[in-house]
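One structure is given here, and the rest of the page talks about it.
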Amino acid sequence: MINLINLTIEKAHNSLKNGEYSVTELVNSYLEIIKEKNGEINAYREVYSDVLEQAKIAEEMFKNGADTLMTGIPLAIKDNMLLEGHIASASSLILENYKATYDASLIKQLKKQGAVFLGRTNMDEFAMGSSTETSAFGNTKNPLDITRVPGGSSGGSVAAVAMNGALVSLGSDTGGSIRQPAAFCGLVGLKPTYGTVSRFGIISMGSSLDQVGPFGKTVRDAEILFNAINDYDEKDSTSIKNEVRLKPLLLKKKIGVPRSFLSEKGTVPEILKNFDESCKKLADAGYEIVDVSLPLIKYSLAVYYIISPAEVSSNLARYDGIRYGLHEDGKNLYEVYTKTRGKGFGKEVRRRILLGTYILSHGYYDAYYNTAIKVRDAIKKELTNVFLQVDAIITPTSPVMPFRFGEKMEDPISMYLSDLFSVPANIAGIPAISIPSGKNKEGLPFSLHIMAPSLREDILFTIGKDFEKLI
Amino acid sequence: MQLEDIKKLAVLARIDMSDEEMVKIAKDFDPILAYVGQVQEALKLSEGISLDKKPENYFLHNVMREDIITNNRGEYTEKIITEMPDTQDGFLKVKQIL
């Protein structure tokens with residue numbers, strides 16, 4: 001039996017290369033854990049039937065010397081990523097039986113590198129939620145404490161790694177959906193710069209905000225998986241050309257803390273205490289910690305809950321029961337639409353579509369949507385200016401600790417607030433990472449959130465690795 | 001928000017919903033709209049903000065491609081048809097529109 005608990009991509013790669021074990025043996029070790037734990041945790045919606053065939057392909061690559069760091073690495077993908085011939089349901093009834101007719105670009109890239117896709121993971125329906133409780137297919141439990149949520153929306157992907165049922169995994173992040181669950185399950189989660197990872201073949205939620213990124217146990221694992229999918233794609237019109245992507249630069253070794261944002265009501269005191277300890281550790285490691293003023297950043301969440309439902313309401317208009325997915329019959333076309341969408345969408349998705357419809361309606365468009373777009377632009381400028389002084393900006397990842405099932409389901413605002421610190425990075429399109437920063441008395445994880453300027457993921461990895469050593 | 005307004009939104013969004021759920025949504029909307037309404041106050045604070053320095057790498061530009069066929073005829077037809085709820089002679093079948 002291979003010890004999976006402290007396994008990293010590089011360790012596994014070396015063992016596979018030296019012939020200590022084969023890809024098939026590695027994959028089988030993960031399949032055993034999944035068999036043992038998935039019944040309770042519900043991280044995976046499906047384990048693919050062709051996993052062992054994929055392992056054979058990876059073994060061939062090792063034999064032929066065509067291996068890369070990702071060859072033979074068993075990973076899990078979120079249920080909103082298209083893998084040809086397999087179901088991609090976005091954990092919604094409306095796509096419950098939808099089989100992908102093509103590969104997402106990032107799946108193609110990973111296939112080329114011989115990565116092994118173990119299966120697809122549970123998520124909040126269409127990625128709308130912060131606890132994975134809005135999935136049409138049951139809750140996912142937090143492997144660190146099964147009475148609590150794993151966070152969301154990429155709750156299944158984070159739980160798969162946290163229960164050692166995958167070495168790494170992929171999630172998508174529209175307002176914190178990678179970083180908040182990473183924080184809740186004690187893992188590293190990265191939301192890359194908007195435009196770095198292709199979204200072609202990813203089921204859209206909010207197109208000006210969505211970005212795909214990795215989960216791993218270490219910063220280095222997240223970095224390796226990010227590098228494997230960080231590429232220009234002509235099929236995604238928001239993809240940034242490789243030649244304009246920035247090369248790593250020397251750091252100023254200066255980190256900013258937006259103090260007044262942290263004191264917004266609702267942040268749990270023990271989280272603030274842990275955050276101060278993290279600041280001290282970074283100072284001891286040679287970073288200068290300075291206060292920065294970002295008066296607009298606290299409005300990011302309000303901006304988000306205008307822009308995101310607006311984009312949701314138009315993006316999800318495509319699910320109409322006509323070309324694919326669920327179809328409910330009616331006496332005319334109108335009824336086919338309303339019945340299909342009424343039955344296919346869950347409560348939170350319906351609420352957000354209606355909210356978006358309202359926000360974009362004639363009388364309210366200016367007051368909400370147009371205003372939010374202007375404020376978004378100002379937030380971006382404010383952050384860009386601060387990044388002239390500092391390499392990075394740090395906060396806690398979430399203002400709250402992992403909560404219990406049902407605790408926030410009846411109060412949408414309190415659920416939304418768990419993304420308070422993660423949302424600004426989506427609003428500005430900048431990269432951000434969450435890194436474990438210790439545990440409380442009950443064994444629940446704390447997490448540090450680091451934001452960097454556009455295309456400067458290298459800063460997150462450098463600071464992240466320095467910080468990791470101190471925990 | 002009034003139940004009548006939610007009913008109109010449900011029609012616009014083409015979603016069949018029970019009255020009970022619409023009452024609940026009407027109730028949820030008030031605190032959500034009050035919260036997002038903060039953007040008005042943010043807009044006032046936003047006035048006069050400008051970039052201290054133009055970013056070196058300004059990568060925003062319009063993305064276009066030639067309007068040409070990039071795949072072989074029928075290459076994806078079979079796969080796409082398999083996902084359709086109803087077909088006839090290789091066509092997607094829908095309800096009568098007029």
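Atoms considered below: every heavy atom in the structure, side chains included; atoms not considered: hydrogens, waters and symmetry mates. Within every chain, numbering begins at 1; the chains are lettered A, B, ... in the order of the sequence lines, protein sequences first and strands thereafter.
Residues that satisfy the side-chain hydrogen bond (donor to acceptor under 3.5 Å, both in side chains) test with A/T101, not counting sequence neighbours, are absent from this structure.
B/E83 contributes no side-chain N or O that, together with a main-chain N or O of A/Y98, makes up a donor-acceptor pair within less than 3.5 Å.
Chosen from A/K331, A/K99, A/E335, A/K298, the residue pairing most often with chain B at heavy-atom distances under 4.5 Å is A/K99. Between chain B and the options A/T238, A/T357, A/L355, heavy-atom pairs under 4.5 Å are most frequent for A/L355. Of the listed residues B/L92, B/I81, B/V63, B/D52, the one with more heavy-atom pairs under 4.5 angstrom with chain A than any other is B/D52. If you tally non-hydrogen atom pairs under 4.5 Å between each of B/I97, B/I25, B/L43 and chain A, the highest count goes to B/L43. The candidate with the highest count of non-hydrogen atom pairs below 4.5 Å against chain B, out of A/S361, A/A367, A/G356, is A/A367. Top candidate by heavy-atom pairs under 4.5 Å with chain A, chosen from B/Q96, B/R65, B/E41, is B/E41.
Summarising the geometry of B/A42 relative to A/L296, their closest heavy-atom pair is O-CD2, 3.7 Å, with the distance given to 0.1 Å. Closest approach of A/L354 to B/A10, counting heavy atoms only: CD1-CA, 4.1 Å. Between B/K95 and A/G330, the shortest heavy-atom distance links the atoms CE-O, 2.7 Å. Scanning both residues, B/L33 and A/Y358, for their nearest heavy atoms gives CD1-CE2, 3.6 Å. The shortest heavy-atom contact between A/I353 and B/A13 is CG2-CB, 3.8 Å. Contact record, A/A302 with B/V36: O-CG1, 3.7 Å, taken as the closest heavy-atom pair.
Within the 4.5 angstrom heavy-atom criterion, atoms from both the backbone and the side chain of B/Y35 approach chain A. A/L301 touches chain B through backbone and side chain together, each having a heavy atom under 4.5 Å away. Heavy-atom distances place the side chain of B/K24, and not its backbone, under 4.5 Å from chain A. Within the 4.5 angstrom heavy-atom criterion, no atom of B/M22 approaches chain A. Looking at B/M84, the atoms closer than 4.5 Å to chain A (heavy atoms on both sides) sit in the backbone and in the side chain alike. B/V39 touches chain A through backbone and side chain together, each having a heavy atom under 4.5 Å away. With a 4.5 angstrom heavy-atom cutoff, A/L388 touches chain B only via side-chain atoms. Of the two parts of A/V336, only the side chain, counted from C-beta on, holds a non-hydrogen atom closer than 4.5 Å to a non-hydrogen atom of chain B. Residue contact with chain A, scored on non-hydrogen atoms closer than 4.5 Å, involves the backbone of B/S50 exclusively.
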Problem set entry | Intermediate values then yes/no, side chain to side chain contact (heavy atoms under 4.5 Å, CB included), B/L51 and A/N385 | CA-CA 6 Å; B/L51 285 179; A/N385 288 343; 3.9 Å; yes
Exercise. Yes or no on side chain to side chain contact (heavy atoms under 4.5 Å, CB included) for A/Y334 and B/V11, after CA distance, side-chain angles and deciding distance?
Worked result: CA-CA 10 Å; A/Y334 176 82; B/V11 169; 3.5 Å; yes
Problem set entry | salt bridge (Lys or Arg N to Asp or Glu O under 4.0 Å) between A/E84 and B/K79, intermediate numbers included | CA-CA 10 Å; A/E84 192 179 337; B/K79 286 178 194 167; 2.8 Å; yes
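Residues in residues 362-377 of chain A take part in these salt bridge (Lys or Arg N to Asp or Glu O under 4.0 Å) pairs, two or more places apart or across chains: A/D377-A/K381.
No more than 12 heavy atoms of other residues, nucleotides or ligands sit less than 6.0 Å from atom CG of A/L250. Under a cut-off of 6.0 angstrom, the local environment of CD in B/E78 is sparse, with at most 12 non-hydrogen atoms contributed by other residues, nucleotides or ligands.
Within residues 306-322 of chain A, the residues having any heavy atom closer than 4.5 Å to a heavy atom of chain B are A/I306, A/G321, A/I322, listed by residue number.
We find the CG-NZ distance between B/D16 and A/K339 to be 7.5 Å, quoted to the nearest 0.5 Å. Rounding to the nearest 0.5 Å places CD1 of B/I49 at 5.0 Å from CD of A/E382.
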Tabulate below the donor-acceptor pairs under 3.5 Å that side-chain atoms of residues 342-351 of chain A make, not counting sequence neighbours, or state none.
from   : atom 1 : to     : atom 2 : distance (Å)
A/K343 : NZ     : A/E328 : OE2    : 3.3
A/E348 : OE1    : A/R351 : NE     : 3.2
A/E348 : OE1    : A/R351 : NH2    : 2.4
A/E348 : OE2    : A/R352 : NE     : 2.7
A/E348 : OE2    : A/R352 : NH2    : 3.2
A/E348 : OE2    : A/Y416 : OH     : 2.9
A/R350 : NE     : B/E21  : OE1    : 3.2
A/R350 : NE     : B/E21  : OE2    : 2.9
A/R350 : NH1    : A/G342 : O      : 2.8
A/R350 : NH1    : A/F345 : O      : 2.8
A/R350 : NH2    : B/E21  : OE1    : 2.7
A/R350 : NH2    : B/E21  : OE2    : 3.2
A/R351 : NH1    : B/D28  : OD2    : 2.4

